[in-house]
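The residues of the chain are indexed from 1 along the displayed sequence.
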Amino acid sequence: MLVFAALCTVSASAQLMRAEELEKYAKEKYGDKWSVAAENIKSLISLDKNNSLTYTQIIPCPGKSKDQLYVLLNYWYTNTFNDAKSVIQLNDKELGCIIGKGFMPGIAAHTGGTNAYVVNIAPIIKTDIKDGKIRVTYTVTSYDADILAGGGILGDMSDTPPTHVDETWPLEKCFPFVEKDKHKKTSAKALVMTYAYSNVMMDKIEEAVKNGLTGNEGDDW
């Protein structure tokens, strides 16, 4: 079980919030019955043509030029996506586009009789910049599962050490997009947490472009 605990231990340097904080936020916003919450969220979203979850929001930024918004967003991305698992993939000032790949570990977990696993996501956050507004596109293509085969509740009874296996769970094969899912409870929580994280991202980006990352980025200095 110590190996399973190690799967949950991650660096928080580049994270907007820890998994337990996100879970509290999600429960307050959507309730603590994960399957019900997932069904409710499904009615608000749909998978795109690539079977990815994509959420787009246009944020008005009156009075701010494209260059000003680029500086604010570049500052936010640089501070947020700054480790091996959270990186900036594209930063083009002339095009007015910044793309970052984030990482949110431990959005859901389960320990069964035989195996244990932790579910993570790596959302892509794309920001398009124009004078007076930005468009933020948040995309999650799949769930990344860290499986500990033999690390379940009965693992201590075996002489065979557990093995670590990485799995990718396509969203279209997970609940609530399909009813028959052997990981139904975990998939339900993963969707709710993924959607909640999109809201957190949008809120943080909107705060950055409207009020700055630290609040002292203005010209009055």
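Nearest heavy-atom pair across Leu72 and Lys64 is CD1-CE, 3.8 Å. Scanning all heavy atoms of the two residues, the minimum distance from Ala26 to Val192 falls at CB-CG1, 4.1 Å. Here the shortest heavy-atom pairing between Ile59 and Lys210 reads CG2-CE, 4.1 Å. Across all their heavy atoms, Lys184 and Ser35 have their closest contact at CE-OG, 4.4 Å. Closest of all the heavy-atom pairs between Ala38 and Pro176 is O-CG, 3.6 Å. Contact detail for Phe103 and Lys85: the closest heavy-atom pair is CB-O, 3.4 Å.
Other members of the cluster containing Ile124 are Leu90, Ile99, with ILVMFWY side chains joined at under 4.5 Å, either directly or via other members. Hydrophobic clustering, defined by side-chain heavy atoms of Ile, Leu, Val, Met, Phe, Trp and Tyr closer than 4.5 Å, leaves Val36 isolated from every other such residue.
Under the rule for a side chain to side chain donor-acceptor pair (under 3.5 Å), the partners of Glu20 that lie at least two apart in sequence or sit in another chain are Arg18. Taking Glu207 as the reference, Asn211 meet the side chain to side chain donor-acceptor pair (under 3.5 Å) condition, with sequence neighbours excluded. Every residue meeting the side-chain contact (heavy atoms from CB on, under 4.5 Å) condition with Leu47, not counting sequence neighbours, appears here in chain and number order: Asn51, Leu53, Leu171, Glu172, Phe177. With sequence neighbours excluded, the residues forming a side-chain contact (heavy atoms from CB on, under 4.5 Å) with Lys29 are Tyr25, Asn199, listed by chain and number. Partners of Lys27 according to the side chain to side chain donor-acceptor pair (under 3.5 Å) rule, which considers only residues two or more places apart in sequence or in another chain, are Glu23. Here Thr168 pairs with Ser142, Asp144 under the side-chain contact (heavy atoms from CB on, under 4.5 Å) rule; sequence neighbours left out. For Ala190, the side-chain contact (heavy atoms from CB on, under 4.5 Å) partners two or more places apart in sequence, or in a different chain, are Ile107, Ala108, Val119, Tyr143. In this view, Asn91 and Tyr70, Asn74 satisfy the side chain to side chain donor-acceptor pair (under 3.5 Å) rule, not counting sequence neighbours.
Rounding to the nearest 0.5 Å places CG of Asp146 at 5.5 Å from CG of Asp166. Rounded to the nearest 0.5 angstrom, Ile98 CD1 and Gln89 CD are separated by 13.0 Å. In this structure, CG on Leu73 lies 10.0 Å from OG1 on Thr78, to the nearest 0.5 angstrom. The distance from the CD atom of Glu167 to the CG atom of Asn115 is 8.5 Å, given to the nearest 0.5 Å. From Leu69, atom CG reaches atom CD1 of Ile129 across 7.0 Å, with rounding to the nearest 0.5 Å. For the atom pair CG (Leu191) and SG (Cys174), the distance works out to 9.5 Å, reported to the nearest 0.5 Å.
At a threshold of 4.5 Å between side-chain heavy atoms, the hydrophobic network of Ile, Leu, Val, Met, Phe, Trp and Tyr places Ile121 and Met202 in one connected group. In the hydrophobic clustering of this structure, Tyr197 groups with Leu44; members are Ile, Leu, Val, Met, Phe, Trp, Tyr whose side-chain heavy atoms approach within less than 4.5 Å, directly or through other members. Note: the hydrophobic cluster containing Tyr77 does not contain Val87 (ILVMFWY, side chain heavy atoms under 4.5 Å, direct or indirect links). In this structure, Phe175 is not a member of the same hydrophobic cluster as Val140, with clusters built from ILVMFWY side-chain heavy atoms closer than 4.5 Å.
Between Tyr117 and Trp169, the ring-plane angle classifies as perpendicular under the 30° and 60° cut-offs.
Judged by distance alone, with hydrogens and angles left aside, the side-chain atoms of Asn120 form a donor-acceptor pair with the main-chain N or O of Gly106 at under 3.5 Å. Within the 3.5 Å criterion, the main-chain N or O of Glu94 finds a donor-acceptor partner in the side chain of Lys66. A donor-acceptor pair under 3.5 Å links the side-chain atoms of Thr80 to the main chain of Trp76, judged by distance alone. Judged by distance alone, the side chain of Asp203 and the main-chain N or O of Val200 form no donor-acceptor pair under 3.5 Å. Not a single donor-acceptor pair under 3.5 Å links the side chain of Ser86 to the backbone N or O of Asp83.
The closest side-chain heavy-atom distance from Asp67 to Lys93 is below 4.5 Å. Looking at Met104 and Met193, their side chains never come closer than 4.5 Å, going by heavy atoms from C-beta outward. Put simply, the side chain of Thr56 does not reach to within 4.5 Å of the side chain of Val136, judged on heavy atoms. By the 4.5 Å heavy-atom criterion applied to side chains, Thr139 and Asn50 are not counted as neighbours.
The number of heavy-atom neighbours closer than 6.0 Å to NZ of Lys33, taken from other residues, nucleotides and ligands shown, is 12 or below.
Applying the ring-ring contact (aromatic ring centres under 6.0 Å, His included) test to residues at least two apart or on different chains, the pairs with a partner in residues 38-62 are Tyr55-Tyr195. Within the structure, every pair that satisfies the salt bridge (Lys or Arg N to Asp or Glu O under 4.0 Å) test and touches residues 123-134, not counting sequence neighbours, is listed here: Lys126-Asp128, Asp128-Arg135.
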